[in-house]
Amino acid sequence: MSEVHEQDRTPGGGAARPTMRDALVEAAFELFSERGFEQTTIDDIVSLAGVGRRSFFRYFPSKEAVVFPDHDGCLADMTAFLGAADPAGDPVEQVCDAARLVLRMYAGNPAFSVGRYRLTKQVPTLRIHELSVVWRYERTLAGHLRTRYAARSDGALRADVIAAAVVAAHNYALRAWLRSGGEGDVGAAVDEALQLVVDTWGNGAEGGGGGGGGGSQDDEVVVMVARRGTPMWRVVQGVEAALEG
């Protein structure tokens, strides 16, 4: 799954050419690199791309959205993947496999992914937008799990907790890779993180009490306290800041 470039074929079946959507993304990141995100306007982007404002809004609802051009497609792929999952399979393994679709998207274009990560770290509005994207992935995973655990008295709780764990494990490994500049085997790192979720919550762990002994006495515990009514993105932001610190 490509990170940025969805491409058209020429009528004769020749070499692929970038779409207008690609041109807008490339123009935007070129300007963000030169001028900064806040200093770049939508008019600047469409001017460099050689298109009109109407064309921009046909593909992206905002300047923030152009930084994340691939997530809608990945979310659609995830939804389809889970919809086709074997009803007899382990639902925890299934949502972990679905999370790997996101990894594949990032790993498909390391340079773009690292550049976006660095830009997002610098711009608070982009961080907020990213959190909303993460929340959509988490809700999709939780929806699949809620269906599979519908017969359990704790089904909704279990589904939401596992979905949050999958996202946290995936993002822990992914962000370590992004911070390194895209060095190392991110696939192996994500596999290791997601295996912890499977070992704790998967069918093989039923009745096992979450298993353990895997951690050391030096492991740290992060406790997050928030006022009732605090937006979920703010809670997630606080936890991630603590983990990354």
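When reading the values below, keep in mind they use all heavy atoms of this one structure, side chains included, and skip hydrogens, waters and symmetry mates.
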If you define the side chain from C-beta out and look only at heavy atoms, does anything of [X] sit under 4.5 Å from [Y]?
X: Arg100; Y: Asp191; answer: yes
X: Ser55; Y: Arg58; answer: yes
X: Leu82; Y: Met78; answer: yes
X: Phe29; Y: Val67; answer: yes
X: Arg158; Y: Ile162; answer: yes
X: Thr125; Y: Glu130; answer: no
X: Val66; Y: Phe32; answer: yes
X: Leu48; Y: Glu34; answer: no

Query raised in the report: Should the heavy atoms of other residues, nucleotides or ligands under 6.0 Å from CD of Glu192 be counted, would the total exceed 12?
Result: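 No, because the 6.0 Å sphere around CD of Glu192 holds 12 heavy atoms or fewer from other groups.
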Once you round to the nearest 0.5 Å, how far does [atom1] of [X] lie from [atom2] of [Y]?
X: Lys121; Y: Leu119; atom1: NZ; atom2: CG; result: 12.5 Å
X: Tyr149; Y: Asp154; atom1: OH; atom2: CG; result: 9.5 Å
X: Leu103; Y: His170; atom1: CG; atom2: NE2; result: 5.0 Å
X: Thr140; Y: Leu75; atom1: OG1; atom2: CG; result: 4.0 Å
X: Leu141; Y: Asp160; atom1: CG; atom2: CG; result: 11.0 Å
X: Phe60; Y: Leu24; atom1: CZ; atom2: CG; result: 6.0 Å

Does any N or O in the side chain of [X] come within less than 3.5 Å of the main-chain N or O of [Y], such that one atom is a donor and the other an acceptor?
X: Asp90; Y: Asn203; answer: yes
X: Ser33; Y: Glu30; answer: no
X: Gln94; Y: Asp86; answer: yes
X: Arg146; Y: Gly155; answer: no
X: Arg148; Y: Gly89; answer: yes
X: Lys63; Y: Thr40; answer: yes
X: Asp44; Y: Thr41; answer: yes
X: Ser47; Y: Asp43; answer: no

Report task. Taking all heavy atoms of Val197 and all of Ala169, pick out the closest pair and write down the distance. Result ->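 Scanning both residues completely, I find the closest heavy atoms to be CG2-CB, 3.8 Å.
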**Report entry** Minimum heavy-atom distance between Cys96 and Val198, given as atom pair plus value
**Finding:**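 For Cys96 versus Val198, the nearest heavy atoms are SG-CG2, 3.8 Å.
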Report task. With side chain to side chain contact (heavy atoms under 4.5 Å, CB included) as the test, would you mind laying out the steps for Val25 and Tyr59 before giving the verdict? Result -> CA-CA 10 Å; Val25 172; Tyr59 295 101; over 6 Å; no
Requested in this report: Kindly state whether the ring of Tyr106 and the ring of Tyr117 have centres lying under 6.0 angstrom apart.
Outcome: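 No, they do not, as the ring centres are separated by 6.0 Å or more.
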Report task. Check whether the side chains of Asp22 and Thr19 place a donor and an acceptor atom closer than 3.5 Å, and report yes or no. Result ->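 Yes, side-chain donor-acceptor contact under 3.5 Å.
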Requested in this report: Apply side chain to side chain contact (heavy atoms under 4.5 Å, CB included) to Trp135 and Val167, showing your working.
Outcome: CA-CA 9 Å; Trp135 182 84; Val167 170; over 6 Å; no
Query - ILVMFWY cluster, Leu196 and Val166 together (side-chain gap under 4.5 Å) - result: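 No, no single cluster joins them.
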Query raised in the report: Can you get from Val92 to Leu157 by hopping between Ile, Leu, Val, Met, Phe, Trp and Tyr side chains that sit under 4.5 Å apart?
Result: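 Yes.
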Query raised in the report: Is the shortest distance from a Lys or Arg side-chain nitrogen in Arg104 or Asp77 to a carboxylate oxygen in the other one below 4.0 Å?
Result: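 No, no charged N to carboxylate O under 4.0 Å.
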